[in-house]
Every structure is written in C-alpha cells, then in structure tokens.
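Sequence lines set the chain letters: A, B, ... in the order given, protein chains first and strands last, and positions in each chain run from 1. All values below were derived from every heavy atom in this structure, side-chain atoms included, with hydrogens, water molecules and symmetry-related copies excluded.
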Amino acid sequence: MRLSGRFWPTLRDAPADAEAISHKLMVRAGLVRQLASGLYSFLPFGLRSLGRITTVIREEMDRIGAQEFQLPVMQPAEIWEATGRYGLDEQFRLQDRSGRAMVLGMTHEEIITWHAAREIRSYRDLPQSWYQFQTKLRDEPRPKSGILRVREFTMKDSYSLDVDEAGLARSYEAHAEAYARMFDRAGLDWYMVESDVGMMGGMGAHEFMAPSPAGEDTIARAPSGAYAANVELAVSVAIDPDFGETPAAYEPFPTPGIGTIEELSAATGLPTGRMCKSVVVVTDTGPVLALVRGEHALHEKKLSHVVGRHRPAQPDEIREWFGAGPGSIGPVGLEGVRIVADPTIATGHYVTGANRDGEHLRGVVLGRDFAAEQADIRTVLAGEGCPVSGEPLVLEPVIEIGNIFKLGTKYSEPLGATYLNADSQERPIVMGSYGIGPARVLAAAIEQSHDEAGIVWPKALAPFDVHIVLVGDAATPQADFAAALFGQLTDLGLEVLLDDREATKPGEKFVEAELLGCPIRVTIGKRTLPDGPLEVQVRRGRERCDVPLHGAAEAILSLWSRQR
RNA sequence: CGGGACGUGGCGCAGCCUGGUAGCGCACCGGCUUUGGGUGCCGGGGGUCGCCGGUUCGAAUCCGGCCGUCCCGACCA
C-alpha cells in the first residue's frame, strides 16, 4: 500500500483517559478510536492487524476440522429462558416492534444448541465442531483498559458436539492444541491454566493467559510448569507455622482495643499464621462464618461455590449474631451460624475471637472446640508449595486471551439436543465451548511487546510486514527505486507499506513508523543510491541491519522470516 | 452498585479559588525556510467552556440537578 492519500491518523499525545499501554499505543498509532465507554471502532490499519489474527485463528480452527458458521447477534429471548440465562445483569435486552422479547447475544451456546437440536439425529452425525467470528454484546459493569474490557467485541466462539465424555475429551484436547498453535503463531507468551467454570457451568475448564501487568486476572504457577491455575481455584500447600504443643484446653485472654489480625499478632507475639480469621457473610439462608488462617485472605469466589450468593455482613448484624464486634468474633460456642473452615485450620491450634468484646481465645482446636464444614476458601499466597511438585508457587497478573469449557449436557438437555445411539436410545449431546477474543490478543501482544517509541508487533500481527520510508519526492531516482523494491517485496509475498507522502518530513515518518511498529523498516533516500547499502531497521531492538542493493528484496524477506 | 477524579478548538493542557465575555503547545490552512529523526520564522482559521436550571448588572469561574468519561473496589461466560 502506498501511504499517500490514505487515512492513518496518528497522535503525538495519548488521550488523557487512556491508562493501559495497549490502549494508548493503539489510539496513538491510528489503529482504533473510542466511540463511547467500552465501544471502539477499528480504523483501517487496526483492522489489518485484526484480520491477521483472525486468519491465524481461522486456519487453526479449520486444521482441527471445525466448520465456520455465522449466527445472528439478535436472538429471541425464549431460547435463553429455556436455559435459565434470560435476565442476566450483563445481557442487553430489547423488544421488536411487535413486543417480542429479544436479547443481544453475549455468547452463542443457546443458538448452536438450538440448531444442533434440529439437525443432529444420529450418533453417525457426531462429532462436530462449529465455530464463528461474531460480535458479542455485554453490558459490562465497568469497561476498562481500552480494548481489553469492552461492551461490544468480536469473539471467535466454537462449540464441540460429541456422543459422550470421551468424545468431548478428544474435542477439548484438539481445541487446546489449536489454541496453543494460534498463540505461538501470534508470538505471545502464554500459559494454559486451570480455571473456574463460572457461570458457563460444566465439568472443567482452562484459560489461556498472557502474562502482563495490565492483566485483570492472577494465576498461580510452578516455575517448572508442573502446575498453573487461576487463583480463583488455585490450591497450594500452605506453610504451617510452628504451633508448639497443643494445650489441653483453650483459654480466654484479654485483648482490649484489638480488632485486626495484625494487632493481635503484635500483642501476642505470635505469627499471623496462628490466628484464625473470622469473616461473616450473609447468604440467602442466613449468616455464615468463614474461617481462614491469619495470613490468608478469604476468596469470595471459592466461598460462593460452598455457600452460594453472599454479601459481607454489616457490623450491627455481626453484633446481633455473635454478641461482639467484628474484631472479637470466633467459632467457639456459636449456635445458629453455619461455619465453613479452610482445611488449613484443621491443623494446629489457634487464637480466635471469644465473641466478647476485648477478649480472645488461645489454643482453639477445630473438631475439639467447635465443629465446621471444611472447604478450600482461601487465596493462594506466593511462595506456598505447588500441589504437584512442592516447589514455591509464583503469582502473576495475566490477560485472559482464550478459554475452553467442558459444558457437558448443560445446554443440550434443556434445549432438547439429543441423538440416537447405536442401541436406538436417545442421549443428550455432550458439548464443549471455546472462546477467543481476537482484539484482546492484539492488545495482549502490545502489552507484551512495545518500547518507548511504540508498538513492536510480532510479525504475525503487524499491519504490514515491511514499512518503506521514502525520503524524497516522487520524481526522484530514490522514488523509482522504492517503487521497484515495493514491487519485489510484494512479489515475494510480503505486505508492504510505502510511505511516499511528500509533505511529511523524514523525521516524522521515522517516528510514525516506529509508533506503528512493523517488523522491518527500510529507508530509501539520496544516500541509498547509487551504491547502497540499503538501510534496514529491525523494529524489535531498533537494530540496524543494512543489506546490499543487489538481492535486497530476498535479504529483507530472510530477515523478516527470522523475526518473532 | 460503593469510593475518587475529570469534562475548556482535533489532541494535550492553563484559566475557575479571588465572576468582567477565553488562552498556550501540538495538529490544521497560507507564505517563506528546511529536506535523513515530529525543521525554523511570519500570518491565519477553528471553541454552544458537557447539558439544564439558579444566583448576579454580568458566569468557563459561584450554587443545584443531570449527563458523559476515566481510576480504585464490587462484578466479570
């Protein structure tokens, strides 16, 4: 593409409300513009990158035998009512002119399953993998970080249909391998981690995570690779404090004015690991006392798997149920309150609140002094033991770039998607669902790969492979040379941008080229001719790699192909 | 939804406290200059100061309400 006459608006300054690096750079480099909160338009150069990642994803989906669909964004509400997903907070709802309730799709499990219910009849029709690229709409409570968390975005979503769980396992594995190839081709650092099944429901799930400080999720992983999981479900071997001998009975002691674990630790001289932290939440069926060790935090999501929906208790509620303020409550002698203890509490003896203001108990033992359900409800701490290898776990912020779910029959049963097996028995189709946000992959790539001058695109995602900066006007020998090189590189299969703008100063062209971040930049000016060398810059590291004029196009192709 | 901040030409900002009818840098247009790292100089064009209402002789400025945007938290298929 010749740049003159094209629309490519770059910005010297990022918008003041841009925070994430990818957000600033995508706006400054003329890739996207914001329309409203969580709504972004892709500009022509941004669309080129989006097209490239889309192609990579499509190729890898096709490689595992998946077939592409296109499904409606607007959908009748009844289908969502059938699966119990009508009315979710994030769902955009509307009516057509006759008053029929419609929704804008947040995802397409219902629609795929609806079609499967009508077309799939026999085990001979299975397995299938169906995918699409389609706009998803989600009324996010808080769009943020530019393009990372938005209300409208394109998703590649695919769905596997199998006769049984063994088939699902094969489809799931095929998708995991396809995803690995996609993210490798995209030049990303990524991990596949165990993830919470969340509101999708189902039997197992993994997420593909790109490490980045801009990430909204956190994973725990073993440096050896033995284990990696979203902290929403990560487990670890906690580091036990030295409990000493367990006393024969607990005893109260005064703790006037002490309300936090830290104050209690300071007052007693004991490590926080010997405190039992008491957190009260209110569920639909009443109060629940959650117990974790002092150094740990209660994990809301883990707790919700045990007790369902809940909210923090108010101080006056706590006083009513426990007879003391939040700083002095504990599990001993409690009646009428459900108690859930993290399994770490089952070892050792603890300091807890006495349910009397200004008083705590020491030597409290789970099982002897109080009864509690046990469930993993704590967050993992960095440095705790890997559950597989025992090595210290690392915690790392990540961007979720893809996910894979084993849905099972969660959607096929309510929507009647069944098939007849070889014994003429009707069985529900066993499903999986698999998502990738192409724009998020771009943003993650920028978060992982940029410098002070701008974007450093992995070669698979750059809007162009080679960016030629022409220094000089149209009717010059160097312009002729640039045009010739442009043609040669194009013939070699490269996508080339030729900056042939005449009114733009060379310095400005260089700055904009580095902002845009194509892997290879070639500068052609008076100095280039007649004998060269041809000045070539590799964007990653901004390293000069000049090549002779003779065979320049092939040399550039070779240099390009060696880029990440 | 809770907490915080912001809203003034396309972008970044000052002016607001202490009311007197809007300014700077970049971008844009014209001229000259320059021609390998956002050139330099001169001259220009462009703003309902987010919206509505109130106070006042007079409101970008003070007061109230609303809207929008961002950040932290909650939430997050």
What does [X] touch in the nucleic acid at a heavy-atom separation under 4.0 angstrom: a base, only the sugar-phosphate, or nothing?
X	result
A:E216	nothing
A:A18	nothing
A:Q34	sugar-phosphate
A:T528	base
A:A36	sugar-phosphate
A:K509	nothing
A:R521	base

Inset, instruction - Report the residue (A:A20 or A:W80) whose heavy-atom-nearest nucleotide on RNA chain B is the more 5′ of the two. - result: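 This one resolves to A:A20.
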
Inset, instruction - Could you say whether A:R138 or A:R527 is positioned toward the 5' end of RNA chain B, judged by the nucleotide with the nearest heavy atom to each? - result: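 Going by which nucleotide is closer to the 5' end, it is A:R527.
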
Over how many whole Å does the gap from [X] atom [atom1] to [N] atom [atom2] extend?
X	N	atom1	atom2	result
A:F92	B:A77	CZ	C1'	15 Å
A:D473	B:G36	CG	P	11 Å
A:L148	B:C75	CG	P	20 Å
A:D17	B:C13	CG	P	9 Å
A:K505	B:G38	NZ	C1'	11 Å
A:R151	B:A77	CZ	P	18 Å
A:F510	B:U39	CZ	P	12 Å
A:D196	B:C75	CG	C1'	14 Å

From [options], nucleotide with atom closest to [X] side chain:
X	options	answer
A:Q537	B:G37, B:C76, B:G36	B:G37
A:P141	B:G36, B:A77, B:C75	B:C75
A:R142	B:G38, B:G73, B:A77	B:G73
A:E300	B:C75, B:G38, B:C76	B:C75
A:P15	B:A74, B:C11, B:G38	B:C11
A:K301	B:G37, B:C76, B:G36	B:C76
A:L88	B:G12, B:A77, B:G73	B:A77
A:N403	B:G37, B:G12, B:A77	B:A77

Under a 3.5 Å cut-off for both distances, is [N] Watson-Crick or wobble paired, and to whom?
N	value
B:G12	B:C24
B:A77	none
B:G64	B:C52
B:G37	none
B:G30	B:C42

Inset, instruction - State whether a side-chain donor-acceptor pair under 3.5 Å links A:D500 with A:S4. - result: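 Yes, because at least one side-chain N or O of A:D500 sits under 3.5 Å from a partner of the opposite role on A:S4.
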
Legend entry - Residues A:H23 and A:D17: side-chain donor-acceptor under 3.5 angstrom: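 Side chains of A:H23 and A:D17: no pair found under 3.5 Å.
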
Inset, instruction - For B:C42 versus B:G53, give the span between their P atoms, rounded off to a whole number of Å. - result: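 Between the two P atoms, the distance is 44 Å.
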
Legend entry - Interatomic distance at P, B:A22 relative to B:G45, whole Å: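 It works out to 14 Å between them.
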
Inset, instruction - Could you check A:M1 against A:V496 for side chain to side chain contact (heavy atoms under 4.5 Å, CB included), going step by step and ending with a plain yes or no? - result: CA-CA 6 Å; A:M1 177 186 290; A:V496 185; over 6 Å; no

Inset, instruction - Would you mind telling me which of A:R221, A:E232, A:M209 makes a side chain to side chain contact (heavy atoms under 4.5 Å, CB included) with A:V193? - result: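 Among A:R221, A:E232, A:M209, the one that satisfies the side chain to side chain contact (heavy atoms under 4.5 Å, CB included) with A:V193 is A:M209.
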
Inset, instruction - Report the residue from A:M61, A:R58, A:E60 that forms a side chain to side chain contact (heavy atoms under 4.5 Å, CB included) with A:K156. - result: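 Of the listed options, the one satisfying the test is A:M61.
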
Inset, instruction - Establish, for the pair A:K406 and A:Y172, whether the NZ or CZ atom is under 6.0 angstrom from the six-membered ring centre and no further than 45 degrees off its axis. - result: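 A:K406 over A:Y172 ring: yes.
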
Polar atom pairs (N or O), protein with nucleotides 25-27 of chain B, under 3.5 Å:
| residue | atom | partner | partner atom | Å |
| --- | --- | --- | --- | --- |
| B:C26 | O3' | A:R12 | NH2 | 3.4 |
| B:C26 | O2' | A:R12 | NE | 2.9 |

Legend entry - Audit row: A:F45, A:W8, ring pair (Phe, Tyr, Trp, His ring centres under 6.0 Å) steps and yes/no: CA-CA 7 Å; A:F45 282 19; A:W8 179 39; 5.2 Å; yes

Legend entry - Short side-chain N/O contact from A:S37 to OP1 or OP2 of B:C70, under 4.0 Å: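 Yes, because at least one side-chain N or O of A:S37 sits under 4.0 Å from OP1 or OP2 of B:C70.
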
Legend entry - Phosphate OP1/OP2 of B:A77: any A:Q91 side-chain N/O under 4.0 Å: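 No, outside the criterion.
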
Legend entry - Donor/acceptor link under 3.5 angstrom from A:R501 side chain onto base of B:G38: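 Such a pair does not exist between side chain and base.
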
Inset, instruction - For A:A313 and A:I318, work out which heavy atoms get closest and say how close. - result: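 Minimum heavy-atom contact is CB-CG1, 3.8 Å.
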
Inset, instruction - Sequence neighbours left out, what passes salt bridge (Lys or Arg N to Asp or Glu O under 4.0 Å) with A:E502? Give chain and number order. - result: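 Applying salt bridge (Lys or Arg N to Asp or Glu O under 4.0 Å) to A:E502 gives none.
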
Legend entry - Pairing residues for A:R501 by the side-chain hydrogen bond (donor to acceptor under 3.5 Å, both in side chains) criterion, not counting sequence neighbours: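 Testing A:R501 for side-chain hydrogen bond (donor to acceptor under 3.5 Å, both in side chains), a comparison that skips the adjacent residues, returns A:D499, A:E512.
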
